[in-house]
Amino acid sequence: MAEISFELFNNVLVQQLVGPQDSNLRLIEKMTGTEISSFGNQMNIKGNQDAITLAKNAIDTLYNKVSRGIEIGEEEVKAAVRMSGGNTGDDKSEQNLSDIVLKTKKRHIYPRTATQAQYIQEMMKNELVFGLGPAGTGKTYLAVALAVSMMLEGKIDKIILSRPAVEAGENLGFLPGDLKEKVDPYLRPLYDALYEMLPAEQVDKKIAIGEIEVAPLAFMRGRTLTNAFVILDEAQNTTPMQMKMFLTRMGENSRMVVNGDLSQVDLPKGTISGLRDALSILKDTQGISSVRFTAADVVRHGLVAKIVKAYEERSQKTYGEE
């Protein structure tokens with residue numbers, strides 16, 4: 001059992017950090033297996049050395065947030081502990097991770113795991129990024145947030161959100177209704193992300209004038225996309241030809257983000273996933289980055305992470321998949 005004591009310099013900020021009845025400290029204790037006490041601006045942590053380091057980093061991250069006027073609650077505390085678990089020991093690096101913020105009209109969005117922070121950084125510096133991993137890890141949400149943030153800053157003129165309209169080949173003919181009614185249910189998650197970041201009237205206006213486009217993958221054929229942030233969701237359900245078609249749409253001053261979960265390929269048996277194929281072909285290409293999420297990065301309901309982890313373990317045992 002080890003122990004450290006340290007001082008935080010603003011009593012008002014410390015009260016915001018610890019939460020009502022020290023609830024934030026109790027959550028950090030539960031997640032790290034430590035004992036934490038506070039007296040005024042003095043903090044004391046007991047536990048094994050690794051746990052103490054994790055708890056101390058989380059407290060430092062939260063103190064940095066309240067110092068910048070950011071309100072913290074349960075989700076921010078959980079995020080701070082997860083982020084601290086990805087700390088390399090470089091204080092400057094950790095500080096930079098805690099400073100990442102995507103500003104949209106309706107909310108400021110912060111990474112909630114170290115992998116999410118890495119993902120945002122890779123999207124900022126690379127023209128093509130692959131986001132790989134299970135549902136609930138924030139792949140699409142964060143990509144849309146960065147796209148909206150860049151549009152509001154005037155760095156891009158257009159946001160294009162796309163996904164395969166149906167799981168196995170975009171065969172829309174058997175669905176009822178006109179074309180919009182056929183494809184909208186498949187694109188609903190992309191609309192939902194937009195409405196969380198921009199007022200509804202702004203989303204509708206930008207869609208009407210073409211600044212935001214939400215369209216099935218088939219609509220990308222034959223186009224060159226310039227000054228745009230382009231996101232392809234559910235990319236594991238593309239064929240190699242569809243993926244090649246999509247990737248070669250990139251024009252000047254454009255960024256592409258391709259997201260998918262290779263454990264949920266819904267293509268007909270024997271059909272190669274365009275996402276898997278592209279990762280193999282482009283793995284050594286400069287300017288292209290891939291970020292892999294795991295069950296530890298799931299930020300939905302706690303049970304989702306457990307479900308994803310159980311399926312990952314079963315896949316590894318049964319199929320030998322990574």
Side-chain angles (χ1 to χ4, degrees), residues 102 119-120 122-132 139-166 169-172 179-180 182-184 186-187 189-191 193-194 197-198 202-260 267 272-291:
L102 301 176
Y119 179 58
I120 293 172
E122 293 299 323
M123 289 191 293
M124 287 176 169
K125 71 182 182 182
N126 290 292
E127 293 177 325
L128 174 58
V129 174
F130 290 93
L132 313 167
K139 302 183 301 296
T140 300
Y141 187 82
L142 292 174
V144 174
L146 179 58
V148 170
S149 177
M150 290 182 68
M151 172 172 275
L152 294 175
E153 293 173 3
K155 295 180 178 177
I156 57 166
D157 297 330
K158 189 169 187 174
I159 297 172
I160 299 174
L161 311 176
S162 185
R163 64 190 303 182
V166 293
E170 301 185 11
N171 185 6
L172 304 178
L179 184 58
K180 187 175 188 303
K182 290 173 188 285
V183 302
D184 270 3
Y186 298 99
L187 305 173
L190 301 175
Y191 285 108
L194 285 170
M197 296 164 200
L198 292 170
Q202 287 193 24
V203 174
D204 295 341
K205 179 180 178 182
K206 289 181 180 296
I207 289 175
I209 64 177
E211 289 184 359
I212 295 178
E213 183 177 340
V214 185
L217 177 59
F219 284 30
M220 299 297 105
R221 189 174 301 277
R223 304 176 61 183
T224 299
L225 307 172
T226 60
N227 300 311
F229 197 117
V230 191
I231 301 168
L232 176 61
D233 198 25
E234 299 291 338
Q236 75 275 7
N237 291 324
T238 63
T239 65
M241 187 169 292
Q242 288 173 324
M243 179 62 76
K244 179 183 177 183
M245 177 273 293
F246 176 80
L247 295 177
T248 54
R249 300 309 93 197
M250 181 182 287
E252 290 296 321
N253 191 38
S254 287
R255 290 177 185 272
M256 283 188 167
V257 177
V258 178
N259 291 325
L267 294 167
I272 298 172
S273 166
L275 178 58
R276 190 183 299 278
D277 187 57
L279 290 169
S280 175
I281 293 171
L282 303 174
K283 62 183 178 180
D284 297 321
T285 304
Q286 190 172 1
I288 298 176
S289 174
S290 62
V291 177

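Applying the salt bridge (Lys or Arg N to Asp or Glu O under 4.0 Å) test to Lys283 and every residue at least two apart in sequence or in another chain returns nothing. Taking Glu153 as the reference, Ser149, Lys155 meet the side chain to side chain contact (heavy atoms under 4.5 Å, CB included) condition, with sequence neighbours excluded. Taking the side chain to side chain contact (heavy atoms under 4.5 Å, CB included) definition, one finds that Ser273 meets it with Gln236, Leu262, Val265, Leu267, Leu275, Arg276, sequence neighbours left out.
Under a 3.5 Å cut-off, the side chain of Ser162 and the backbone N or O of Ala215 do form a donor-acceptor pair.
From Phe229, atom CZ reaches atom CD1 of Ile212 across 12.5 Å, with rounding to the nearest 0.5 Å. Atom CD1 of Ile231 and atom CZ of Arg163 lie 12.0 Å apart (nearest 0.5 Å). We find the CG-CG distance between Leu128 and Leu282 to be 7.0 Å, quoted to the nearest 0.5 Å. Note: Leu194 CG to Asp204 CG = 10.0 Å, rounded to the nearest 0.5 Å.
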(message) Test side chain to side chain contact (heavy atoms under 4.5 Å, CB included) on Arg249 and Met245; report intermediate values, then the result.
(response) CA-CA 7 Å; Arg249 300 309 93 197; Met245 177 273 293; 4.3 Å; yes
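Between Phe246 and Thr238 the shortest side-chain heavy-atom distance does not fall below 4.5 Å. Counting heavy atoms from C-beta outward, Val258 and Met243 have side chains that approach closer than 4.5 Å.
When each of Val257, Ile160, Ile156, Leu161 is tested with Val230 by the rule side chain to side chain contact (heavy atoms under 4.5 Å, CB included), just one qualifies, namely Ile160.
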